[in-house]
Amino acid sequence: MYQPIEECRICGSKKLTKYLHFGMMPLANAYVEPNSKEKEFGFPLEVLFCETCALSQLSIVVEPEIMFSNYSYHSSISKTFQKHCSDMADQLKGYLKKPNLFVLDIASNDGCLLREFKKKGFRVLGVEPAKNLAALANAEDLETMPFFWSEPIAQKILQKNGSPDAIVATNVFAHVHDLKNFVQNVKRILADEGVFIIEVPYALNLIKKNEFDTIYHEHLSYFLVKPLKFLFEQEGMELRDVQEMPIHGGTIRVFVTKKENKVFLYQKNRVEEFLAHEKKEGLHDLKSYFDFVNKLLDIKIDLLELLSKLKKSGKTIAAYGASAKGNTMLNYCGVSSDFIDFIIDETPEKQNKLYAGNHIPIFGYEELEKRKPDYLMILAWNFAKEIMGKTKEHEKRGGKYIIPIPHVRVVSSAVEL
Ligand code: TYD
């Protein structure tokens with residue numbers, strides 16, 4: 001069901017040092033049916049640092065079919081992400097300056113990005129292995145091929161649709177074990193003057209802002225610019241620009257082209273600045289990673305202290321956002337339904353199920369109004385503002401919010417964020 005990592009997936013180095021060890025954890029997106037008799041599996045959750053190219057990576061790879069063939073994460077639930085995609089479409093139009101642009105979205109989820117790009121006049125095509133999500137997109141006439149990204153799929157697209165002007169891969173690169181093969185298949189079909197855009201959570205934020213809960217089995221790699229530049233150079237491509245975006249706790253948007261591309265601007269200074277900043281912050285050295293791990297126990301202690309204090313004084317606590325990261329948070333801190341009564345999530349597939357491992361029940365918004373808890377822990381803290389905007393009734397009746405990252409705190413409204 002899983003394979004151990006013997007060498008760095010980007011540079012091949014065997015100088016891999018383990019710096020984080022969470023023990024056995026369930027798969028973060030494996031929601032459990034309430035009366036299920038099925039055995040729940042735990043897998044080791046450990047992170048290694050490559051001392052050659054500075055890529056952080058999990059020590060194992062769980063079979064992708066187990067994690068991604070049916071997937072309950074819907075990108076379109078978040079208005080913040082919809083706006084993010086719409087802005088990206090405008091940006092890309094400005095960069096490529098051509099009519100009738102063709103964009104291919106790899107791991108297109110429920111078609112959130114395709115929808116926004118289509119509205120702006122792009123020809124769009126998605127590839128998405130989760131059959132439930134591909135079906136949702138196709139039902140909206142956002143053409144989506146229900147497969148993993150692979151050479152045969154790339155060839156099929158080339159024959160049928162021609163070369164994409166842009167290939168986009170948001171929040172999927174971290175899920176891919178064979179990155180070289182992924183990039184080779186992109187290079188194979190990308191237009192000569194086209195651009196490949198990836199978005200990944202920036203590992204600098206993971207380390208500096210204690211975003212440890214973004215570590216779970218789906219996220220095989222935690223990227224800095226240094227290993228990404230190395231990867232693309234190895235594959236005969238060029239990393240032309242890096243931009244930082246606030247989404248998902250801090251993401252980098254990386255622009256990559258074929259080496260020969262004479263049209264797409266090379267923002268060399270910006271790339272160099274990112275590399276220099278990472279180095280200055282110590283992220284190319286192992287020591288910083290051990291310092292990071294040493295801080296995590298504080299979060300665990302602070303959270304358990306706060307929840308214990310609230311419980312002792314008779315307060316009721318629920319959570320919002322049954323995100324994958326929330327699962328790492330609760331399981332690492334040892335929090336289950338003894339502290340948190342239930343979790344609210346708008347995703348239909350997650351409702352009326354139990355969170356993996358800790359088995360806290362998940363419900364739709366109505367449950368919040370029915371049970372009116374005193375405290376709401378925001379497990380999808382990356383969308384704290386949006387979630388607080390949706391739970392004004394909770395705020396009006398004096399309900400408080402617990403935000404766990406970058407450190408545990410209680411707030412009364414979004415202005416305190
Ligand atoms: P997210 O933090 O995006 O990601 P991950 O699972 O990778 O950690 O997950 C957000 C979860 O919160 C997702 O299940 C959808 C849910 N959600 C809502 O129910 N309502 C909202 O308004 C938002 C923004 C998210």
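Numbers here simply count residues along the sequence, with the first being 1. Start at 1 and go down the list; that is how both ligands and their atoms are numbered.
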Distance filter under 4.0 Å to [X] heavy atoms, resulting ligand 1 atoms:
X	value
A380	2 (O), 10 (C), 12 (O)
H248	3 (O)
K350	13 (C), 14 (O)
Y320	18 (C), 19 (O), 20 (N)
N382	1 (P), 2 (O), 3 (O)
T347	14 (O), 15 (C)
G321	12 (O)

* Tell me, please, which residues at least two apart from E278 pass side chain to side chain donor-acceptor pair (under 3.5 Å). =>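 Side chain to side chain donor-acceptor pair (under 3.5 Å) list for E278, sorted by chain: Y202, H284.
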
Nearest-neighbour protein heavy atom for [atom], which is reported as residue plus atom name and distance:
atom	result
atom 6 (O) of ligand 1	A324 N, 2.7 Å
atom 19 (O) of ligand 1	E346 N, 2.8 Å
atom 25 (C) of ligand 1	I77 CG2, 4.2 Å
atom 11 (C) of ligand 1	D345 OD2, 3.7 Å
atom 3 (O) of ligand 1	Y73 OH, 2.6 Å
atom 22 (O) of ligand 1	K390 NZ, 2.6 Å
atom 23 (C) of ligand 1	I387 CG1, 4.1 Å
atom 1 (P) of ligand 1	K325 NZ, 3.5 Å

* **Axial cation check for F41 ring with K39, 6.0 Å and 45° limits** =>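 Satisfied, under 6.0 Å and within 45°.
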
* May I ask you to decide if I247's main-chain N or O and T251's side chain share a donor-acceptor pair within less than 3.5 Å? =>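 A pair under 3.5 Å: yes.
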
* Angle class for the H175/F68 ring planes (parallel below 30°, perpendicular above 60°, tilted otherwise)? ->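 Taking F68 first and then H175, their aromatic rings lie parallel (interplane angle under 30°).
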
* To do: Examine the side chains of H74 and E346 and answer whether a donor and an acceptor come within less than 3.5 Å of each other.
  =>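 Looking only at side-chain atoms, E346 and H74 do not form any donor-acceptor pair under 3.5 Å.
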
* At a non-hydrogen distance cut-off of under 4.0 Å, which region of Y216 contacts ligand 1 (side chain, backbone, both, or neither)? ->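 Near ligand 1, Y216 shows its side chain, while the N, CA, C and O stay back.
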
* Residues D87 and K83 bridged, charged N to O under 4.0 Å ->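 Looking at K83 together with D87, the answer is yes, because their closest N to O distance falls below 4.0 Å.
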
* Can the ring centres of H277 and F274 be said to be less than 6.0 Å apart? ->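 Centroid distance H277-F274: not below 6.0 Å, so no.
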
* Asked: More than 12 heavy atoms of other residues, nucleotides or ligands under 6.0 Å from NZ of K372: is that the case?
  ->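 It does: K372 NZ has more than 12 such atoms within range.
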
* Do you know which two heavy atoms are closest between M377 and M329, and how far apart they sit? ->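 Shortest heavy-atom separation between M377 and M329 comes out as CE-CG, 4.0 Å.
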
* salt bridge (Lys or Arg N to Asp or Glu O under 4.0 Å) pairs, two or more places apart, involving residues 302-322 ->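 Applying salt bridge (Lys or Arg N to Asp or Glu O under 4.0 Å) to every pair that reaches into residues 302-322, excluding sequence neighbours, yields K311-D341.
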
